[in-house]
Number of protein chains: 2
Amino acid sequence: MIEKNTELKIIEAARKVFLVRGYSGARMQDIADEAGINKAMLHYYFRNKDKLFESIFSESVNNIRDIFSQSLNSEKEIDNTLINFIATYSEFIKNNRYLPSFIINEMQQGSEMVEDLFKKNIKMYPIEFIKKLKKEQSLGTLEKYDPLQIIVSIIGLCLFPVLAQPVLKILFDYDDNKYDKFLTERVAFLQKFIIKGLKK
Amino acid sequence: MIEKNTELKIIEAARKVFLVRGYSGARMQDIADEAGINKAMLHYYFRNKDKLFESIFSESVNNIRDIFSQSLNSEKEIDNTLINFIATYSEFIKNNRYLPSFIINEMQQGSEMVEDLFKKNIKMYPIEFIKKLKKEQSLGTLEKYDPLQIIVSIIGLCLFPVLAQPVLKILFDYDDNKYDKFLTERVAFLQKFIIKGLKK
DNA sequence: GTCTATATAGGGATAGAC
DNA sequence: GTCTATCCCTATATAGAC
(Lines give C-alpha, C1' and ligand atoms only; values in the text may rest on other atoms or scores of the structure.)
Protein backbone atom coordinates (compact mmCIF):
# COMPACT_ATOMS: atom_id res chain seq x y z
CA MET A 1 0.00 0.00 0.00
CA ILE A 2 1.52 3.23 -1.16
CA GLU A 3 1.45 6.01 1.43
CA LYS A 4 -0.65 8.89 0.17
CA ASN A 5 0.97 12.28 0.47
CA THR A 6 -0.07 14.40 3.39
CA GLU A 7 -1.89 17.10 1.48
CA LEU A 8 -4.17 14.54 -0.09
CA LYS A 9 -4.82 12.90 3.25
CA ILE A 10 -5.79 16.27 4.68
CA ILE A 11 -8.12 17.06 1.79
CA GLU A 12 -9.90 13.74 2.13
CA ALA A 13 -10.27 14.10 5.88
CA ALA A 14 -11.45 17.69 5.61
CA ARG A 15 -13.98 16.71 2.98
CA LYS A 16 -15.41 14.05 5.26
CA VAL A 17 -15.68 16.34 8.28
CA PHE A 18 -16.82 19.55 6.58
CA LEU A 19 -19.49 17.89 4.45
CA VAL A 20 -21.22 16.33 7.43
CA ARG A 21 -20.64 18.94 10.12
CA GLY A 22 -20.46 22.13 8.08
CA TYR A 23 -18.01 24.95 8.65
CA SER A 24 -19.10 25.88 12.15
CA GLY A 25 -19.50 22.30 13.32
CA ALA A 26 -16.17 21.07 11.96
CA ARG A 27 -13.21 20.87 14.35
CA MET A 28 -9.64 21.11 13.15
CA GLN A 29 -8.80 18.41 15.68
CA ASP A 30 -11.36 16.05 14.09
CA ILE A 31 -9.88 16.65 10.66
CA ALA A 32 -6.39 16.00 11.99
CA ASP A 33 -7.53 12.77 13.68
CA GLU A 34 -9.35 11.64 10.55
CA ALA A 35 -6.20 12.27 8.52
CA GLY A 36 -4.01 10.56 11.09
CA ILE A 37 -1.80 13.59 11.67
CA ASN A 38 -1.66 16.48 14.14
CA LYS A 39 -3.29 19.89 14.00
CA ALA A 40 -0.07 21.75 13.28
CA MET A 41 0.15 20.00 9.94
CA LEU A 42 -3.19 21.38 8.88
CA HIS A 43 -1.86 24.88 9.39
CA TYR A 44 1.37 24.05 7.65
CA TYR A 45 -0.44 22.96 4.47
CA PHE A 46 -3.47 25.25 4.64
CA ARG A 47 -2.75 28.37 6.62
CA ASN A 48 -6.04 28.32 8.55
CA LYS A 49 -9.51 26.83 8.80
CA ASP A 50 -10.97 29.26 6.26
CA LYS A 51 -8.45 28.33 3.57
CA LEU A 52 -9.03 24.63 4.14
CA PHE A 53 -12.75 25.13 4.02
CA GLU A 54 -12.50 27.16 0.84
CA SER A 55 -10.76 24.37 -1.00
CA ILE A 56 -13.40 21.84 0.06
CA PHE A 57 -16.31 24.12 -0.72
CA SER A 58 -14.92 25.01 -4.14
CA GLU A 59 -14.35 21.43 -5.17
CA SER A 60 -17.86 20.60 -3.99
CA VAL A 61 -19.43 23.29 -6.13
CA ASN A 62 -17.35 22.13 -9.07
CA ASN A 63 -18.47 18.55 -8.59
CA ILE A 64 -22.13 19.50 -8.57
CA ARG A 65 -21.71 21.68 -11.61
CA ASP A 66 -19.83 19.03 -13.59
CA ILE A 67 -22.25 16.20 -13.01
CA PHE A 68 -25.15 18.51 -13.69
CA SER A 69 -24.04 19.86 -17.03
CA GLN A 70 -22.55 16.55 -18.04
CA SER A 71 -25.77 14.60 -17.48
CA LEU A 72 -28.15 17.25 -18.78
CA ASN A 73 -26.52 18.26 -22.02
CA SER A 74 -27.11 15.22 -24.14
CA GLU A 75 -27.74 15.14 -27.86
CA LYS A 76 -30.74 12.92 -27.44
CA GLU A 77 -34.36 13.97 -27.85
CA ILE A 78 -36.33 15.09 -24.82
CA ASP A 79 -37.53 11.77 -23.39
CA ASN A 80 -34.13 10.19 -23.42
CA THR A 81 -32.48 13.35 -22.19
CA LEU A 82 -34.77 13.24 -19.16
CA ILE A 83 -34.38 9.51 -18.58
CA ASN A 84 -30.64 9.82 -18.83
CA PHE A 85 -30.44 12.83 -16.53
CA ILE A 86 -32.61 11.30 -13.81
CA ALA A 87 -30.56 8.11 -13.75
CA THR A 88 -27.14 9.75 -13.88
CA TYR A 89 -27.92 12.52 -11.44
CA SER A 90 -29.63 10.21 -8.93
CA GLU A 91 -26.70 7.83 -9.00
CA PHE A 92 -24.23 10.64 -8.44
CA ILE A 93 -26.18 12.09 -5.53
CA LYS A 94 -26.59 8.68 -3.93
CA ASN A 95 -22.81 8.32 -3.96
CA ASN A 96 -22.34 11.86 -2.67
CA ARG A 97 -25.06 12.12 -0.03
CA TYR A 98 -23.71 15.09 1.84
CA LEU A 99 -22.82 17.29 -1.10
CA PRO A 100 -26.22 18.96 -1.64
CA SER A 101 -26.99 19.72 2.01
CA PHE A 102 -23.45 20.96 2.55
CA ILE A 103 -23.67 23.51 -0.24
CA ILE A 104 -27.23 24.56 0.54
CA ASN A 105 -26.43 25.05 4.20
CA GLU A 106 -23.28 27.01 3.81
CA MET A 107 -25.02 29.21 1.27
CA GLN A 108 -27.82 29.78 3.74
CA GLN A 109 -25.43 31.33 6.23
CA GLY A 110 -24.97 34.13 3.74
CA SER A 111 -21.27 34.76 4.32
CA GLU A 112 -19.57 36.80 1.61
CA MET A 113 -16.73 34.32 1.31
CA VAL A 114 -19.01 31.39 0.58
CA GLU A 115 -21.26 33.29 -1.78
CA ASP A 116 -18.28 34.55 -3.77
CA LEU A 117 -16.78 31.08 -4.03
CA PHE A 118 -20.11 29.78 -5.25
CA LYS A 119 -20.53 32.46 -7.88
CA LYS A 120 -16.96 32.02 -9.03
CA ASN A 121 -17.28 28.28 -9.51
CA ILE A 122 -20.82 27.57 -10.56
CA LYS A 123 -21.52 29.17 -13.95
CA MET A 124 -24.21 26.80 -15.07
CA TYR A 125 -27.40 27.67 -16.77
CA PRO A 126 -29.03 24.90 -18.77
CA ILE A 127 -29.67 26.88 -21.92
CA GLU A 128 -29.64 23.91 -24.26
CA PHE A 129 -32.10 22.00 -22.14
CA ILE A 130 -34.44 24.99 -21.92
CA LYS A 131 -34.33 25.35 -25.70
CA LYS A 132 -35.24 21.70 -26.06
CA LEU A 133 -38.16 22.11 -23.67
CA LYS A 134 -39.47 25.19 -25.42
CA LYS A 135 -39.27 23.52 -28.79
CA GLU A 136 -41.38 20.59 -27.56
CA GLN A 137 -43.79 23.01 -25.93
CA SER A 138 -44.31 24.91 -29.14
CA LEU A 139 -44.77 21.62 -30.99
CA GLY A 140 -47.52 20.82 -28.49
CA THR A 141 -45.98 17.62 -27.14
CA LEU A 142 -45.22 19.13 -23.69
CA GLU A 143 -47.37 21.25 -21.39
CA LYS A 144 -46.40 24.93 -21.47
CA TYR A 145 -44.90 25.13 -17.99
CA ASP A 146 -42.19 27.63 -17.02
CA PRO A 147 -38.90 25.83 -17.85
CA LEU A 148 -37.38 26.88 -14.54
CA GLN A 149 -40.29 25.33 -12.63
CA ILE A 150 -39.63 22.13 -14.55
CA ILE A 151 -35.92 22.13 -13.84
CA VAL A 152 -36.34 22.89 -10.13
CA SER A 153 -38.86 20.06 -9.97
CA ILE A 154 -36.65 17.47 -11.61
CA ILE A 155 -33.66 18.36 -9.48
CA GLY A 156 -35.76 18.52 -6.35
CA LEU A 157 -37.32 15.14 -7.02
CA CYS A 158 -33.83 13.62 -7.32
CA LEU A 159 -32.25 15.50 -4.44
CA PHE A 160 -34.92 15.66 -1.78
CA PRO A 161 -34.96 12.01 -0.71
CA VAL A 162 -31.21 12.22 -0.19
CA LEU A 163 -31.33 15.61 1.53
CA ALA A 164 -34.06 14.46 3.88
CA GLN A 165 -32.73 10.93 4.26
CA PRO A 166 -32.15 11.08 8.04
CA VAL A 167 -35.67 12.38 8.58
CA LEU A 168 -37.41 10.06 6.14
CA LYS A 169 -35.63 6.97 7.43
CA ILE A 170 -37.17 7.54 10.82
CA LEU A 171 -40.61 8.49 9.53
CA PHE A 172 -40.81 5.36 7.40
CA ASP A 173 -38.93 3.23 9.90
CA TYR A 174 -36.54 2.14 7.17
CA ASP A 175 -33.04 0.83 7.88
CA ASP A 176 -30.10 1.56 5.59
CA ASN A 177 -30.86 -1.37 3.30
CA LYS A 178 -34.52 -0.53 2.87
CA TYR A 179 -33.73 3.10 2.25
CA ASP A 180 -31.13 2.17 -0.30
CA LYS A 181 -33.69 0.02 -2.05
CA PHE A 182 -36.14 2.92 -1.91
CA LEU A 183 -33.62 5.16 -3.65
CA THR A 184 -32.81 2.56 -6.27
CA GLU A 185 -36.46 1.99 -7.13
CA ARG A 186 -37.04 5.72 -7.20
CA VAL A 187 -35.18 6.16 -10.47
CA ALA A 188 -37.70 4.21 -12.52
CA PHE A 189 -40.57 5.83 -10.67
CA LEU A 190 -39.25 9.32 -11.38
CA GLN A 191 -38.62 8.64 -15.05
CA LYS A 192 -42.24 7.64 -15.51
CA PHE A 193 -43.79 10.19 -13.15
CA ILE A 194 -41.90 13.17 -14.53
CA ILE A 195 -42.47 12.38 -18.18
CA LYS A 196 -46.17 11.79 -17.57
CA GLY A 197 -46.39 15.07 -15.67
CA LEU A 198 -44.75 17.04 -18.45
CA LYS A 199 -46.47 15.50 -21.47
CA LYS A 200 -49.44 17.25 -22.96
CA MET B 1 -47.03 48.25 23.55
CA ILE B 2 -47.11 45.62 26.25
CA GLU B 3 -43.67 44.35 27.29
CA LYS B 4 -43.38 40.66 26.50
CA ASN B 5 -42.10 38.55 29.33
CA THR B 6 -38.47 37.60 29.23
CA GLU B 7 -38.91 33.89 28.63
CA LEU B 8 -40.94 34.57 25.51
CA LYS B 9 -38.38 37.09 24.27
CA ILE B 10 -35.66 34.49 24.71
CA ILE B 11 -37.62 31.83 22.88
CA GLU B 12 -38.25 34.11 19.93
CA ALA B 13 -34.65 35.21 19.75
CA ALA B 14 -33.35 31.65 20.07
CA ARG B 15 -35.70 30.51 17.34
CA LYS B 16 -34.38 33.16 15.00
CA VAL B 17 -30.73 32.37 15.65
CA PHE B 18 -30.89 28.57 15.87
CA LEU B 19 -33.02 28.14 12.75
CA VAL B 20 -30.58 30.03 10.56
CA ARG B 21 -27.26 29.13 12.13
CA GLY B 22 -27.97 25.69 13.56
CA TYR B 23 -26.80 24.42 16.92
CA SER B 24 -23.08 24.67 16.28
CA GLY B 25 -23.27 28.01 14.51
CA ALA B 26 -25.51 29.69 17.08
CA ARG B 27 -23.90 31.90 19.74
CA MET B 28 -25.49 32.50 23.12
CA GLN B 29 -24.33 36.10 22.81
CA ASP B 30 -26.23 36.53 19.54
CA ILE B 31 -29.37 35.15 21.12
CA ALA B 32 -29.00 37.50 24.09
CA ASP B 33 -28.48 40.47 21.77
CA GLU B 34 -31.46 39.51 19.65
CA ALA B 35 -33.59 39.27 22.79
CA GLY B 36 -32.23 42.54 24.13
CA ILE B 37 -30.95 41.01 27.35
CA ASN B 38 -27.63 39.68 28.63
CA LYS B 39 -26.21 36.19 28.47
CA ALA B 40 -26.69 35.47 32.16
CA MET B 41 -30.44 35.64 31.67
CA LEU B 42 -30.33 32.84 29.14
CA HIS B 43 -28.80 30.60 31.74
CA TYR B 44 -31.22 31.75 34.38
CA TYR B 45 -34.23 30.71 32.28
CA PHE B 46 -32.71 27.76 30.40
CA ARG B 47 -29.86 26.19 32.30
CA ASN B 48 -27.59 25.85 29.27
CA LYS B 49 -27.35 25.97 25.49
CA ASP B 50 -28.52 22.37 25.09
CA LYS B 51 -31.73 22.95 27.03
CA LEU B 52 -32.51 26.09 25.05
CA PHE B 53 -31.81 24.30 21.80
CA GLU B 54 -34.02 21.38 22.81
CA SER B 55 -37.01 23.61 23.31
CA ILE B 56 -36.56 25.23 19.90
CA PHE B 57 -35.96 21.96 18.11
CA SER B 58 -38.98 20.33 19.72
CA GLU B 59 -41.35 23.12 18.83
CA SER B 60 -40.00 23.05 15.28
CA VAL B 61 -40.71 19.35 14.89
CA ASN B 62 -44.18 19.89 16.33
CA ASN B 63 -44.87 22.70 13.87
CA ILE B 64 -43.90 20.58 10.90
CA ARG B 65 -45.96 17.68 12.13
CA ASP B 66 -49.05 19.80 12.80
CA ILE B 67 -49.15 21.54 9.47
CA PHE B 68 -48.47 18.26 7.70
CA SER B 69 -51.21 16.19 9.25
CA GLN B 70 -53.58 19.13 9.28
CA SER B 71 -53.24 19.83 5.57
CA LEU B 72 -53.09 16.22 4.42
CA ASN B 73 -55.99 14.66 6.29
CA SER B 74 -58.93 16.19 4.52
CA GLU B 75 -62.26 14.52 3.91
CA LYS B 76 -62.19 15.47 0.25
CA GLU B 77 -61.59 13.09 -2.64
CA ILE B 78 -58.10 12.65 -3.99
CA ASP B 79 -57.80 15.59 -6.42
CA ASN B 80 -58.97 18.15 -3.91
CA THR B 81 -56.93 16.59 -1.14
CA LEU B 82 -53.83 17.06 -3.27
CA ILE B 83 -54.72 20.56 -4.40
CA ASN B 84 -55.44 21.56 -0.83
CA PHE B 85 -52.26 20.01 0.56
CA ILE B 86 -49.98 21.60 -2.03
CA ALA B 87 -51.43 25.06 -1.42
CA THR B 88 -51.51 24.86 2.38
CA TYR B 89 -48.13 23.23 2.78
CA SER B 90 -46.40 25.55 0.29
CA GLU B 91 -47.81 28.59 2.03
CA PHE B 92 -46.68 27.35 5.43
CA ILE B 93 -43.16 26.58 4.23
CA LYS B 94 -42.87 29.94 2.51
CA ASN B 95 -43.65 31.60 5.83
CA ASN B 96 -41.27 29.30 7.69
CA ARG B 97 -38.31 29.15 5.32
CA TYR B 98 -35.73 27.91 7.74
CA LEU B 99 -37.75 25.20 9.41
CA PRO B 100 -37.08 22.35 6.96
CA SER B 101 -33.35 22.89 6.57
CA PHE B 102 -32.97 23.35 10.31
CA ILE B 103 -34.55 20.00 11.12
CA ILE B 104 -32.87 18.14 8.26
CA ASN B 105 -29.49 19.50 9.21
CA GLU B 106 -29.62 18.83 12.87
CA MET B 107 -30.86 15.32 12.14
CA GLN B 108 -27.94 14.81 9.80
CA GLN B 109 -25.49 15.37 12.64
CA GLY B 110 -26.82 12.19 14.15
CA SER B 111 -26.62 13.22 17.79
CA GLU B 112 -28.63 11.03 20.16
CA MET B 113 -30.29 14.03 21.78
CA VAL B 114 -31.66 15.38 18.52
CA GLU B 115 -32.76 12.03 17.20
CA ASP B 116 -34.60 11.24 20.43
CA LEU B 117 -36.36 14.60 20.43
CA PHE B 118 -37.43 14.00 16.85
CA LYS B 119 -38.78 10.54 17.51
CA LYS B 120 -40.58 11.73 20.63
CA ASN B 121 -42.33 14.58 18.84
CA ILE B 122 -42.98 13.46 15.31
CA LYS B 123 -45.36 10.50 15.29
CA MET B 124 -46.83 11.08 11.87
CA TYR B 125 -47.57 8.52 9.26
CA PRO B 126 -50.15 9.46 6.65
CA ILE B 127 -52.23 6.30 6.85
CA GLU B 128 -55.45 7.88 5.68
CA PHE B 129 -53.80 9.45 2.67
CA ILE B 130 -52.13 6.18 1.72
CA LYS B 131 -55.49 4.40 1.93
CA LYS B 132 -56.99 7.00 -0.35
CA LEU B 133 -54.17 6.55 -2.85
CA LYS B 134 -54.44 2.77 -2.83
CA LYS B 135 -58.18 2.91 -3.33
CA GLU B 136 -57.77 5.10 -6.42
CA GLN B 137 -55.00 2.83 -7.66
CA SER B 138 -57.18 -0.24 -7.39
CA LEU B 139 -60.00 1.64 -9.13
CA GLY B 140 -57.56 2.30 -11.96
CA THR B 141 -57.71 6.10 -11.82
CA LEU B 142 -54.15 6.47 -10.51
CA GLU B 143 -50.92 4.83 -11.63
CA LYS B 144 -49.81 2.06 -9.28
CA TYR B 145 -46.77 3.80 -7.80
CA ASP B 146 -45.41 3.09 -4.32
CA PRO B 147 -47.36 5.48 -2.03
CA LEU B 148 -44.19 6.48 -0.19
CA GLN B 149 -42.54 7.47 -3.48
CA ILE B 150 -45.57 9.64 -4.16
CA ILE B 151 -45.52 11.28 -0.75
CA VAL B 152 -41.78 11.96 -0.82
CA SER B 153 -42.26 13.49 -4.26
CA ILE B 154 -45.06 15.82 -3.27
CA ILE B 155 -43.27 17.01 -0.15
CA GLY B 156 -39.99 17.36 -2.00
CA LEU B 157 -41.59 19.38 -4.78
CA CYS B 158 -42.97 21.80 -2.21
CA LEU B 159 -39.91 21.95 0.02
CA PHE B 160 -36.99 21.90 -2.36
CA PRO B 161 -37.35 25.39 -3.85
CA VAL B 162 -37.39 26.79 -0.32
CA LEU B 163 -34.56 24.57 0.93
CA ALA B 164 -32.40 25.48 -2.03
CA GLN B 165 -33.53 29.09 -2.21
CA PRO B 166 -30.11 30.68 -1.60
CA VAL B 167 -28.58 28.51 -4.31
CA LEU B 168 -31.37 28.85 -6.85
CA LYS B 169 -31.61 32.62 -6.46
CA ILE B 170 -28.02 32.90 -7.61
CA LEU B 171 -28.32 30.34 -10.40
CA PHE B 172 -31.37 32.06 -11.84
CA ASP B 173 -30.16 35.54 -10.95
CA TYR B 174 -33.47 36.25 -9.20
CA ASP B 175 -33.86 38.91 -6.52
CA ASP B 176 -36.18 38.46 -3.54
CA ASN B 177 -39.21 39.73 -5.40
CA LYS B 178 -38.71 37.52 -8.42
CA TYR B 179 -38.06 34.49 -6.26
CA ASP B 180 -41.17 35.20 -4.26
CA LYS B 181 -43.15 35.38 -7.48
CA PHE B 182 -41.57 32.10 -8.57
CA LEU B 183 -42.76 30.43 -5.36
CA THR B 184 -46.24 31.87 -5.67
CA GLU B 185 -46.63 30.69 -9.26
CA ARG B 186 -45.24 27.32 -8.30
CA VAL B 187 -48.38 26.32 -6.41
CA ALA B 188 -50.57 26.22 -9.52
CA PHE B 189 -47.81 24.55 -11.50
CA LEU B 190 -47.39 21.81 -8.90
CA GLN B 191 -51.10 21.15 -8.61
CA LYS B 192 -51.31 20.51 -12.33
CA PHE B 193 -47.97 18.72 -12.73
CA ILE B 194 -48.45 16.35 -9.81
CA ILE B 195 -51.99 15.35 -10.65
CA LYS B 196 -51.05 14.74 -14.30
CA GLY B 197 -48.09 12.65 -13.18
CA LEU B 198 -50.18 10.49 -10.88
CA LYS B 199 -53.24 9.95 -13.09
CA LYS B 200 -53.52 6.79 -15.12
C1' DG C 1 -35.29 38.84 38.06
C1' DT C 2 -31.61 41.34 36.10
C1' DC C 3 -27.16 42.95 35.84
C1' DT C 4 -21.54 42.97 35.81
C1' DA C 5 -17.66 40.52 36.41
C1' DT C 6 -15.22 36.43 36.11
C1' DA C 7 -14.14 31.53 35.90
C1' DT C 8 -13.38 27.62 32.81
C1' DA C 9 -13.18 25.07 28.74
C1' DG C 10 -12.75 24.58 23.91
C1' DG C 11 -10.62 25.27 19.66
C1' DG C 12 -7.77 27.80 16.20
C1' DA C 13 -3.22 29.19 15.59
C1' DT C 14 1.94 29.55 16.39
C1' DA C 15 6.87 28.63 18.21
C1' DG C 16 10.40 25.92 18.08
C1' DA C 17 12.78 21.29 18.41
C1' DC C 18 13.99 17.60 15.48
C1' DG D 1 7.91 18.04 6.75
C1' DT D 2 6.44 16.53 11.15
C1' DC D 3 6.05 16.68 15.89
C1' DT D 4 5.06 18.63 21.03
C1' DA D 5 4.02 22.27 23.72
C1' DT D 6 1.78 26.34 24.32
C1' DC D 7 -0.51 30.62 23.34
C1' DC D 8 -4.69 33.20 23.21
C1' DC D 9 -9.10 34.28 21.81
C1' DT D 10 -13.84 32.92 21.90
C1' DA D 11 -17.86 31.05 23.91
C1' DT D 12 -20.26 28.76 27.56
C1' DA D 13 -21.22 28.92 32.16
C1' DT D 14 -21.28 30.66 37.03
C1' DA D 15 -20.78 33.95 41.17
C1' DG D 16 -22.43 37.46 43.40
C1' DA D 17 -24.12 42.37 43.84
C1' DC D 18 -28.38 44.85 43.44
Side-chain angles (χ1 to χ4, degrees), chain A residues 1-60 102 105-106 108-114 117, chain B residues 1-58 102 105-106 108-114 117:
Chain A
M1 167 98 181
I2 298 157
E3 181 63 21
K4 271 174 280 189
N5 71 53
T6 308
E7 188 168 347
L8 187 58
K9 280 197 288 187
I10 293 175
I11 291 273
E12 286 177 358
R15 190 183 296 133
K16 233 179 238 184
V17 175
F18 275 127
L19 260 71
V20 177
R21 305 248 171 254
Y23 178 86
S24 67
R27 298 285 163 264
M28 295 296 266
Q29 185 62 61
D30 295 341
I31 296 174
D33 292 348
E34 179 74 38
I37 53 166
N38 59 68
K39 278 192 295 177
M41 292 299 285
L42 299 180
H43 291 90
Y44 178 79
Y45 280 89
F46 301 81
R47 222 160 55 84
N48 54 33
K49 189 181 177 181
D50 276 25
K51 293 266 184 297
L52 183 51
F53 174 82
E54 282 181 30
S55 83
I56 300 299
F57 186 77
S58 293
E59 72 159 33
S60 299
F102 173 61
N105 263 287
E106 298 303 333
Q108 185 145 277
Q109 301 311 313
S111 95
E112 293 253 334
M113 183 245 271
V114 168
L117 282 176
Chain B
M1 169 90 182
I2 298 158
E3 180 65 19
K4 272 174 279 189
N5 72 54
T6 308
E7 187 168 346
L8 187 58
K9 280 196 289 188
I10 292 174
I11 290 274
E12 287 177 358
R15 190 184 295 134
K16 231 178 240 184
V17 175
F18 275 129
L19 260 72
V20 176
R21 304 248 172 255
Y23 178 86
S24 67
R27 297 286 164 260
M28 294 296 265
Q29 185 63 61
D30 296 340
I31 296 174
D33 292 348
E34 180 75 37
I37 53 166
N38 60 68
K39 279 190 296 177
M41 292 299 283
L42 299 180
H43 290 89
Y44 178 78
Y45 280 89
F46 302 80
R47 221 161 55 84
N48 54 34
K49 187 179 178 182
D50 275 25
K51 293 267 185 296
L52 182 51
F53 174 82
E54 282 180 30
S55 81
I56 300 299
F57 186 77
S58 294
F102 173 60
N105 262 288
E106 298 303 333
Q108 186 144 277
Q109 304 308 314
S111 95
E112 293 253 335
M113 182 245 273
V114 168
L117 283 177

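Since we're looking at a predicted model, the values are computed, not measured. Letters A, B, ... are given to chains in the order of the sequence lines, protein chains preceding strands, and every chain is numbered from 1.
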Student: Send over the distance from A:Asp50 CG to C:dG11 C1', rounded to a whole Å.
Tutor: 14 Å
Student: Between atom CD1 in B:Ile10 and atom P in D:dT12, what is the gap in whole Å?
Tutor: 14 Å
Student: Does C:dT2 have OP1 or OP2 sitting under 4.0 Å from an N or O in the side chain of B:Tyr45?
Tutor: yes
Student: Return no unless some side-chain N or O of B:Thr6 is found under 4.0 Å from OP1 or OP2 of C:dG1.
Tutor: no
Student: A:Asn105 and A:Gln109: side-chain hydrogen bond (donor to acceptor under 3.5 Å, both in side chains), yes or no, with the steps?
Tutor: CA-CA 7 Å; A:Asn105 263 287; A:Gln109 301 311 313; 4.7 Å; no
Student: Using whole Å, what does the distance between atom C1' of nucleotide C:dG1 and atom CD1 of B:Ile37 come to?
Tutor: 11 Å
Student: Taking only the side-chain nitrogens and oxygens of A:Asn38, find out if one of them lies under 4.0 Å from OP1 or OP2 of D:dT2.
Tutor: no
Student: Report yes if at least one side-chain N or O of B:His43 is closer than 4.0 Å to OP1 or OP2 of D:dA13; otherwise report no.
Tutor: yes
Student: Is there a side-chain contact between B:Met41 and B:Asn38 in this structure, where contact means two heavy atoms from C-beta onward sitting under 4.5 Å apart?
Tutor: yes
Student: Using whole Å, report how far CG of A:Leu52 lies from P of C:dG12.
Tutor: 11 Å
Student: What is the distance, to the nearest angstrom, from the OH atom on A:Tyr44 to the C1' atom on C:dA17?
Tutor: 15 Å
Student: So what does A:Ala26 touch, heavy atoms closer than 4.0 Å: a base, only the sugar-phosphate, or nothing?
Tutor: sugar-phosphate
Student: Roughly how far, to the nearest 0.5 Å, is the CE atom of B:Met28 from the NZ atom of B:Lys39?
Tutor: 9.0 Å
Student: For the residue pair B:Phe18 and B:Phe53, is the inter-centroid distance of their aromatic rings smaller than 6.0 Å?
Tutor: yes
Student: Checking the side chain of A:Lys51 only, and the main-chain atoms of A:His43 only, is there a donor and an acceptor separated by less than 3.5 Å?
Tutor: no
Student: Whole Å only: how far is the CD atom of A:Gln29 from the P atom of D:dT4?
Tutor: 11 Å
Student: Using a cut-off of 4.0 Å on non-hydrogen atoms, how would the nucleic acid contact of A:Met28 be classed: base, sugar-phosphate, or nothing?
Tutor: sugar-phosphate
Student: Rounded to whole Å, how long is the line connecting atom CG of B:Leu8 with atom C1' of C:dG1?
Tutor: 16 Å
Student: Can you find an N or O donor on one side and an acceptor on the other, under 3.5 Å apart, linking the side chain of A:Lys39 with the base of C:dG12?
Tutor: yes
Student: Looking at every strand, decide which applies to B:Asn48 at a 4.0 Å heavy-atom threshold: base, sugar-phosphate, or nothing.
Tutor: sugar-phosphate
Student: Name the closest nucleotide to the A:Ala40 side chain, picking from D:dT12, C:dT14, C:dC3.
Tutor: C:dT14
Student: Tell me the interatomic distance from A:Tyr23, atom OH, to C:dG11, atom P, rounded to whole angstroms.
Tutor: 14 Å
